[in-house]
Number of protein chains: 4
Amino acid sequence: MDQPLRPERPATRIQTANREAILAAALPIFATYGYRGTTIDQIAKRAGMSKPNLLYYFRRKEEIYEALLQRTLTEWLAPLRMLERDGDPETELRQYIGAKLRMSFEQPEASRLFANEVLNGAPVIRPFLETDLRALVEAKAEVIAHWVERGRIASVDPVHLIFLIWATTQHYADFAAQIEAVLGDRAKSRDFLTETTEAVLAIVLNGVSRAEARS
Amino acid sequence: MDQPLRPERPATRIQTANREAILAAALPIFATYGYRGTTIDQIAKRAGMSKPNLLYYFRRKEEIYEALLQRTLTEWLAPLRMLERDGDPETELRQYIGAKLRMSFEQPEASRLFANEVLNGAPVIRPFLETDLRALVEAKAEVIAHWVERGRIASVDPVHLIFLIWATTQHYADFAAQIEAVLGDRAKSRDFLTETTEAVLAIVLNGVSRAEARS
Amino acid sequence: MDQPLRPERPATRIQTANREAILAAALPIFATYGYRGTTIDQIAKRAGMSKPNLLYYFRRKEEIYEALLQRTLTEWLAPLRMLERDGDPETELRQYIGAKLRMSFEQPEASRLFANEVLNGAPVIRPFLETDLRALVEAKAEVIAHWVERGRIASVDPVHLIFLIWATTQHYADFAAQIEAVLGDRAKSRDFLTETTEAVLAIVLNGVSRAEARS
Amino acid sequence: MDQPLRPERPATRIQTANREAILAAALPIFATYGYRGTTIDQIAKRAGMSKPNLLYYFRRKEEIYEALLQRTLTEWLAPLRMLERDGDPETELRQYIGAKLRMSFEQPEASRLFANEVLNGAPVIRPFLETDLRALVEAKAEVIAHWVERGRIASVDPVHLIFLIWATTQHYADFAAQIEAVLGDRAKSRDFLTETTEAVLAIVLNGVSRAEARS
DNA sequence: GATGAATGAGCCTTCATTCAT
DNA sequence: AATGAATGAAGGCTCATTCAT
């Protein structure tokens, strides 16, 4: 076709800007309403352009969604990738958890986008999960197992530790509506990230500390 | 809300049975596709009745959704309600976490229904969250604070501990697709619940144990 | 689905009537504008129902089109099927040509529907053409060849004779607009079918007569 | 109608070349999909230019279509124009039929373009049909009538003879999809034009031969 | 209680055409 | 002469809901 988005042709400035605007507009909507609950109209309106014009940049709703997920995923896993086998376990975990919590507070919509996709059965990103993510988890589980073997942390199941950290940190983004309903103003305080980070670190770091491992 | 449509007459057996069938059919669909992503057709088909007949029992899609949430919520919070101020903290937490994990494994769809609703901003259950749930959390936070004061557990922030337990246990239901993609057969093993329970308990109980509370 | 058109469920009277009305409304439109040039709106309006209601009977535009073609094809080839090997060639051809011309005059839209489909490359009925129609043509070509061998008609190529008859008779339906433009009132006369039949028979029957076959 | 867009300036070479390219690209598409079924995108792509650029040469889709028809019509009727009152009827008809068949085989798309237009009710060329074509047919019918009067051919209705020749010869272009489906490789043979010409001439010339006119 | 029939509103997408450069 | 960008107007189809029986 004579579509403008041909890869061969370099994207113009307007194209880049508009694609960016569309993605930015789409993120919070997909994050809240899910794929099927989101309408192109909503996105177009939020991006300040007409629906056909939006479809000039992304030919299908699906393309927007996939582009968003792709971009999110990479960024989302960056902190885990940084977990260093040779670092100090406590420092490493502290950094990891801290980074994840910061992302949850600063980009809660990205987290929710991802949560929605997985809740729906991960129709789009399943291939990624089964290959890249799986490999990453295995590699980092190995790192944690290494720490356990060396006696540097308590004997915890590495994979479940990763899941626990994911769950705990992303919870503040994915269930923000609930947290705000329960905590009220406290959740809106400027210090809520700090408070949360301290609380989570206290439990998790203590949870993996060697002192007295429990059954 | 979930009253029979003709308040004058008591619900017949067929009415009760059919309403039940509809709710049972609707749960997994709402849980997977979210409110807007679910069609009445899907539910009716799964419930084995015609669309108009389904609408005879629930006049609007919203009613089904609300009835489901209402029923789920009560059940969902039962374990937390059982947390006893005067019990042994470790035993209490062990029971709570165990119960929550069991629910996540046995009724993952209820968890996902709830997750979807909250991800969407909790449009329907917000009032409940702001009143009942809030009160419950405050009460149980008080229980935990009591334990902390008595030195029976480490000095953790009670509310965040509750969130951490919610997040961690529900994660196995809400992100099941991801967990299965990452773990493969291991997640489908018959022992996966046991394995998970042990791993989670190990970390969380250790995390709140007094030995050496950390910053 | 809970579609009403399930084959298992017998069609009700209304269904039969409405499907019939839709097909009747669709025929002249498809015949004139072709598949892509026809809109469901046009058909629905002509059939006196709303667009969604029409789609309640035929779930896709394509289904209407295919149903029409299927019905037309059978009827359309009936005259050829009657060509009898043991009949008198002149009588047989006279009947065949007469029947085809009558159909062209009485149901020109069916002819045009078919012409449109074939002009478009026969995307839908190609399988039929390659199997059933091919077999029929081969069988009837054999009949004509038989006549030629017996010296009952001139030595003509059977297949091309069939094509010539098709072309000539269907021309009065397919090119009616042109014929009317060229002939004016003459083409609208009540006797035009008779006149045409006589003229075509004169040429074709003479054309296959044995007297003096030409190169 | 097919004037350059800026009448003040004569068409440049590029203009002429591009208009030509567009028409060449448009012919097979209009011929196959009809007017409404054809998109400017398809034409532009095939012509190797952008849609807006195409519209620089032809301001509307309709203009392309009309230009094509106009050009085709003239060419299409050339053979008939050559039918000479004073020539030998058999020779004249042989030439006419031969020329028409050659055109059908060599430019089937032009034939199909025309067929589509007439099938659609001749919305664009009706004026032409009612004036020029009508006059031409009347003139040539007179030629044939002259031959009949002189006893040089059988007593056939001139107009219907013309229609029969049109129908029969154009059939091989317009219904090519069907002919190929029915005949298979035979229709793709290099000799198929020769074979067809002989078969058609045999029937038609015999059909108008004087030997024994029939009812 | 149950279902066939009907529909307004909405959604994704296509398309001819225009505008600005 | 050419093209990237933009859009109004459909068009096919879905869906929640209502009506009538």
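What you see is a predicted model, and the numbers here were worked out from it, not measured in a lab. Below, read A as the first sequence line, B as the second, and so on, with proteins coming before strands; counting in each chain starts at 1.
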Among [options], which nucleotide sits nearest the side chain of [X]?
X: D:I40; options: E:dT13, E:dA16, E:dA5; result: E:dA16
X: A:T39; options: E:dT18, E:dT7, E:dC12; result: E:dC12
X: D:Y57; options: F:dT17, E:dT7, F:dA1; result: F:dA1
X: A:K51; options: E:dT7, F:dA9, E:dC12; result: E:dC12
X: B:K61; options: F:dA16, E:dT14, E:dT18; result: F:dA16

For [N] and [X] - does any side-chain N or O of the residue sit under 4.0 Å from the phosphate oxygens OP1/OP2?
X: C:R13; N: F:dT21; result: no
X: C:R60; N: F:dG12; result: no
X: B:Q15; N: E:dG1; result: yes
X: A:R19; N: F:dA5; result: no
X: A:Y56; N: F:dA5; result: yes
X: D:N53; N: F:dA1; result: no

Expressed as a whole number of angstroms, how long is the span from [X]:[atom1] to [N]:[atom2]?
X: C:R36; N: E:dA16; atom1: CZ; atom2: C1'; result: 13 Å
X: C:I64; N: F:dG11; atom1: CD1; atom2: C1'; result: 13 Å
X: C:I14; N: F:dT21; atom1: CD1; atom2: P; result: 9 Å
X: A:D41; N: E:dT13; atom1: CG; atom2: C1'; result: 12 Å

Pair A:E117-A:Y65, side-chain donor/acceptor within less than 3.5 Å: yes

Will you find, in the side chains of D:D174 and D:S111, an N or O donor that is under 3.5 Å from an N or O acceptor? yes

Would you say C:L54 and C:I64 make side-chain contact, with heavy atoms under 4.5 Å? yes

Ranking A:N18 and C:E62 by the position along DNA chain F of their nearest nucleotide, the one closer to 5' is A:N18

